[in-house]
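Numbered from 1 within each chain, the chains take letters A, B, ... in sequence-line order.
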Amino acid sequence: MAATLSRAVDVHCTLQPTSDSNRPFFLTSPLIRLPNRRRFFTISCSSSSSSRSPPKPPPDYEDIHPQNPSLSDQLKSLSTTLLNQTPQQAQLLTKPKSTWVNPTRPKPSVLNLQRQKKSQQHLYNPQVRDLKHFARKLDECENSEAAFMAAIEEMPHPPSRENSLLVLNSLRQWQKTLLFFNWIKTQKLFPMETIFYNVAMKSLRFGRQFQLTEDLAFDMIDNGIELDNITYSTIITCAKRCSLFDKAVEWFERMYKTGLMPDEVTYSGVIDVYAQLGKVEEVMSLYERGRASGWAPDHIAIAVLGKMFGEAGDYDGIRYVLDEMKSLGMQPNLVVYNTLLEALGKAGKPGLARSLFLEMIELGVTPNEKTLTALVKIYGKARWGRDALDLWERMRSNGWKMDYILCNTLLSMCADLGLEEDAERLFDDMKGSMTFKPNSWSYTAMLNTYGSLGNVDKAMKLFDEMSETGVEVNVMAVTCLIQCLGRAKRIDDLVRVFEFAMERGVQPDDRMCGSLMSIISYFEEGKDVDKVIALLQQANPELVSFIKLLEEEKTSFETIKEEFRGIMRATEVEARRPFCNCLIDICRDGNLHERAHELLYMGTVYGLYPGLHTKTPDEWRLNLRSLSVGAANTAFEEWMRTVTKVIEQKEELPKLFTASTGAGTHKLAQGLASAFESQVKRLAAPFRQSEEKAGVFLATREDIIAWAQLKAPSLAITS
DNA sequence: ACACTCCTGC
C-alpha cells in the first residue's frame with residue numbers, strides 16, 4: 001500500500017562510514033583484525049561443512065600476520081593486555097558466570113548458559129499463592145506512597161529474601177515494583193543482591209522506563225553490587241524497547257570493558273541492536289567473535305541475522321545464514337522460517353521463498369499467520385496473484401489460523417494487483433465472519449483497489465459505508481480516495497471528502513500532502529488547482545509557501561536552498577523523495593526548468609536519490625527508477641549536460657551509456673519507460689531500448705559524441 | 001511472572 005502511494009522505496013543498505021573514535025570497542029582493538037564482510041563470506045562458504053571454530057582467517061591475513069592466533073586467543077590477549085583487569089576478571093572471559101547454574105547439570109561450557117526450567121509446583125503451594133495474591137493487591141492499590149505503605153502491612157508472610165523476591169517478581173506495575181524494591185531495601189533484613197535489581201529492572205523494562213532502569217544500574221555501581229550478564233542484557237533490551245539504541249550500545253561497551261563476557265542471550269540481544277542500527281559490519285564482527293569463542297548461536301541469533309540481511313535486501317547474507325544453520329546442524333524453527341521467508345521476499349527471491357515454504361511444510365512445521373502474511377506479500381510483489389489466492393484456499397481447507405493482518409495483507413495484495421473480484425469476495429467473507437469484521441485497514445485496502453482501477457463511484461460508496469459503520473476513518477483511507485478522485489479530476493468531491501475528514505478529526509500526514517502535491521502537478525493552472533492548493537494550505541502551509549517561492553522568478557538559489565532544507569527536515573524520511581519528485585514535476589509543468597534542476601541537485605545532495613548515477617570505466621549508468629517523470633527528465637538532461645562538458649574538455653568517456661527506467665511492473669512506475677522514450681525522441685538522443693532487458697536504454701560512445709556535438713547546446717537553453 | 005535476560009507479519 002505504501003508503495004502504491006509514494007513510489008516504491010528501494011531498500012538501500014547504507015553502511016555509514018564510522019569514524020574510528022565512534023567505533024565500538026571490539027572493532028577498534030588493535031589486536032583484532034576482523035575479516036571484512038566479503039571475505040567473511042568466502043571463508044564461511046569454503047568451510048561450511050566443517051566445524052567453524054576456530055575460523056580460518058582470510059589468506060591475505062596470514063600473509064600479513066604469519067603467526068596469527070585464533071580469534072578466541074586474540075580475545076584472551078585482549079582481555080589480559082588491554083583491560084588491565086584482575087585475574088578473577090580474566091577468569092570471567094573463559095568461564096562466564098551465570099548467577100543461576102543448575103548444580104545437577106554438567107558445568108556450562110564457554111557460553112552455554114543453563115537455564116532453569118520452571119516448575120508448576122507453585123500452583124499447589126499455599127504460601128506462594130498467598131504471596132501472589134498479595135502482589136495483586138499491591139498492584140491494585142492507589143498509586144501513592146501512603147496507600148502503598150498501608151497495603152504493605154497486609155503482607156501475609158514475613159518479608160524473607162525468598163518471599164520478597166517472589167513478590168517483587170509478581171508485581172506488574174513498575175511504580176509498585178519500585179516502591180516495593182525501595183521498601184525491602186530500607187528493611188535491611190538481608191543484603192540486596194544482584195537478582196533483586198535484575199527483577200526490578202525487568203518490571204521497569206515492561207513499563208518502558210529506561211531512565212529508572214539506568215538509575216538502578218548506577219545505584220548498583222555506587223553500592224558495589226555486581227552487574228551480571230542478566231543485568232546488562234536487561235538494561236540493553238530495555239534501551240532497545242525504548243528505541244534508545246545508542247544507550248544499548250553504550251551499556252554493551254561498558255560491559256565489555258569491565259571484562260564480562262557476553263553470554264548467548266546478550267550476544268543475540270546486542271547483535272539485534274546493531275542490526276536495527278543498520279551496522280552490518282559490527283553485527284558480523286560480533287557474531288564472528290562469539291563463534292570464535294565457542295558460542296553456538298541459537299534460533300534467535302539466526303533469526304536476527306536473517307532479518308538484518310532481509311532488511312538490506314542482501315541475498316548473499318541470507319545464503320550465509322542458511323549455510324551457517326547447515327554447518328551448525330540446526331533445524332529452523334517457525335520463527336526462523338518466518339524471518340527467512342520474509343528476508344527472501346525483501347531480497348527479491350520469490351521462487352526461493354516458495355521452496356523454503358514447501359520445505360517447511362515437508363518437515364511438518366505448521367505455518368502461522370506470520371508465515372502466510374510473509375508469503376502473500378512475496379507472491380503479491382512477484383505479481384503471482386494466482387499463487388497467493390491458491391494459498392488462501394489452502395489456508396481455508398487446512399484450517400490454518402487467520403487474523404486481521406493476514407486478511408488485510410491479502411486484500412492489499414488484491415489492490416496492488418488490481419484483482420477487484422477477489423478483493424470483493426474476501427471483503428464479503430470478512431463482513432460475514434464473526435471474528436474479523438472489516439476494520440479500517442480492510443476498508444483502506446478495498447478503497448485502494450477501487451481507486452487504482454479508477455472505479456471512483458464504488459470507492460465513494462465504500463467510503464460512505466465506512467463512515468456509517470463506525471469504522472475509524474483514517475488518514476490512509478482518505479488519502480487513497482483523494483488520490484483516486486484527483487486522477488478522475490473530480491475536484492469538488494475531493495474537496496468534500498477532505499473537509500469531511502477534517503471534521504472527523506483526521507490529521508493530514510506527509511503522505512496525504514504528497515498526494516495533494518502530485519494532484520497539483522497533474523493540472524494546468526486554473527480554478528481546480530487553486531482548490532487543491534487551498535487544501536494543501538490547510539494541511540501544510542509551509543509547502544504552499546515553498547511552492548510559491550519556487551514560482552517566484554526573483555527568488556535566489558540561496559533562499560531556495562535554505563527553505564528546501566527546512567521543508568525536508570520537517571518531512572518524514574520516507575516522504576522526502578516523493579516530495580522532491582512532486583516539487584520537480586510542479587516546476588516543470590510551470591516551465592521552470594532551471595528550478596527543477598536546482599531541486600534535483602538539492603535532492604541529490606540530501607541523499608534522496610542514492611545511486612542515481614554510477615560510473616565504471618566501461619559504462620556510465622543513470623538509474624531513474626525511483627524518480628517521477630519530471631524528475632527523470634530533469635536527471636536525464638543533467639546527465640547529458642555533464643557528458644557534453646566532458647566531451648568539450650576532451651576527457652575519457654566509457655564505451656556504453658545505460659539509462660534504466662524499470663520495466664514498470666509497478667503500476668505507478670509503468671509510465672516511466674514510455675515517458676523516457678518520448679523525452680529521448682524529443683531530444684533526438686541516441687538511446688535505444690535494450691532487447692534483452694525491458695526498461696533499460698542503451699547508447700554507444702560514438703553515437704553520444706556525434707549527437708552531443710550537434711544537439712547538446714540546445715539542452716542548456718530550452719530545457 | 002514461585003530467580004532473571006534474546007527473535008517473526010498490514
Side-chain angles (χ1 to χ4, degrees), chain A residues 1-2 98-100 102 113 115-132 135-136 139 161-172 177 193-203 205-206 228-238 240-241 262-273 275-276 297-308 310 332-343 345 367-378 380 403-413 415 439-442 444-445 448 476:
Chain A
M1 174 112 9
S98 158
T99 38
W100 187 260
N102 186 339
L113 186 76
R115 280 186 237 188
Q116 178 67 357
K117 285 246 164 57
K118 281 169 192 147
S119 78
Q120 293 294 308
Q121 280 188 8
H122 66 283
L123 294 174
Y124 312 104
N125 179 335
Q127 184 167 333
V128 168
R129 212 184 39 217
D130 291 349
L131 287 167
K132 294 206 110 185
R136 196 87 337 107
D139 262 328
R161 179 184 180 281
E162 282 67 31
N163 288 347
S164 301
L165 256 183
L166 172 57
V167 172
L168 193 65
N169 195 43
S170 306
L171 290 167
R172 276 150 214 231
T177 308
E193 300 160 38
T194 304
I195 187 157
F196 285 88
Y197 284 89
N198 291 351
V199 171
M201 283 178 180
K202 187 178 68 156
S203 171
R205 181 185 53 191
F206 188 73
D228 67 7
N229 254 314
I230 298 174
T231 318
Y232 283 108
S233 63
T234 309
I235 298 170
I236 289 166
T237 48
C238 177
K240 207 160 79 170
R241 211 160 290 178
D263 69 7
E264 54 184 0
V265 175
T266 317
Y267 257 119
S268 301
V270 175
I271 283 177
D272 190 37
V273 170
Q276 290 198 43
D298 59 5
H299 286 116
I300 295 176
I302 290 292
V304 167
L305 283 192
K307 184 178 177 185
M308 173 185 78
N333 65 8
L334 181 58
V335 174
V336 169
Y337 270 121
N338 289 350
T339 311
L340 289 175
L341 282 172
E342 205 189 333
N368 67 3
E369 310 89 300
K370 293 180 174 81
T371 321
L372 300 170
T373 304
L375 272 179
V376 169
K377 269 172 72 180
I378 291 165
D403 70 357
Y404 263 118
I405 297 182
L406 179 51
C407 289
N408 290 337
T409 305
L410 268 163
L411 269 179
S412 213
M413 180 213 69
N439 63 12
S440 59
W441 284 94
S442 327
T444 306
N448 198 23
M476 192 69 138

Side-chain N or O of [X] closer than 4.0 Å to phosphate OP1/OP2 of [N]:
X	N	result
K240(A)	dC7(B)	yes
K132(A)	dC2(B)	yes
R129(A)	dA1(B)	no
K377(A)	dG9(B)	no
K202(A)	dC4(B)	no
R241(A)	dC6(B)	yes

Give me the distance, rounded to whole Å, that separates dC7(B) from dC2(B) when you measure between the C1' atoms they each carry.
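It works out to 27 Å between them.
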Using the C1' atom as the reference point in each nucleotide, state the distance between dA1(B) and dT5(B) in Å, no decimals.
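That atom pair is separated by 14 Å.
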Could you work out which one of [options] sits closest to the side chain of [X]?
X	options	value
V265(A)	dT5(B), dC10(B), dC7(B)	dT5(B)
E369(A)	dC6(B), dG9(B), dC2(B)	dG9(B)
K307(A)	dC6(B), dT8(B), dC10(B)	dT8(B)
V304(A)	dC7(B), dC10(B), dT5(B)	dC7(B)
D263(A)	dT5(B), dG9(B), dC4(B)	dT5(B)
V335(A)	dC6(B), dT5(B), dT8(B)	dT8(B)

So what does [X] hit on the nucleic acid, given a heavy-atom distance under 4.0 Å: a base, only sugar-phosphate, or nothing?
X	value
R172(A)	base
D272(A)	sugar-phosphate
L341(A)	nothing
E342(A)	sugar-phosphate

Report yes if the side chains of [X] and [Y] come closer than 4.5 Å at any heavy-atom pair, otherwise no.
X	Y	answer
E193(A)	R161(A)	yes
D298(A)	S268(A)	yes
T194(A)	N198(A)	yes
Y337(A)	T371(A)	no

Separation of [X] atom [atom1] from [N] atom [atom2], in whole Å?
X	N	atom1	atom2	value
N198(A)	dC4(B)	CG	P	11 Å
D228(A)	dC6(B)	CG	P	14 Å
N163(A)	dA1(B)	CG	C1'	16 Å
N408(A)	dC10(B)	CG	C1'	6 Å
L372(A)	dC10(B)	CG	P	14 Å
Q276(A)	dC7(B)	CD	P	8 Å
L165(A)	dC4(B)	CG	C1'	10 Å
I236(A)	dC7(B)	CD1	P	12 Å

Would T237(A) and R205(A) count as having a side-chain donor-acceptor pair, cut-off 3.5 Å?
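R205(A) and T237(A) do have a side-chain donor-acceptor pair below 3.5 Å.
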Between K370(A) and E342(A), is the closest basic N to carboxylate O distance under 4.0 Å?
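The answer is no: the pair does not qualify as a salt bridge.
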Is there a donor-acceptor contact under 3.5 Å from the side chain of N163(A) to the main chain of L166(A)?
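Not confirmed, N163(A) side chain does not pair with L166(A) backbone.
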For a quick check, tell me whether the side chain of [X] and the base of [N] share a donor-acceptor pair closer than 3.5 Å.
X	N	result
D403(A)	dG9(B)	yes
S233(A)	dT5(B)	yes
T409(A)	dC10(B)	no

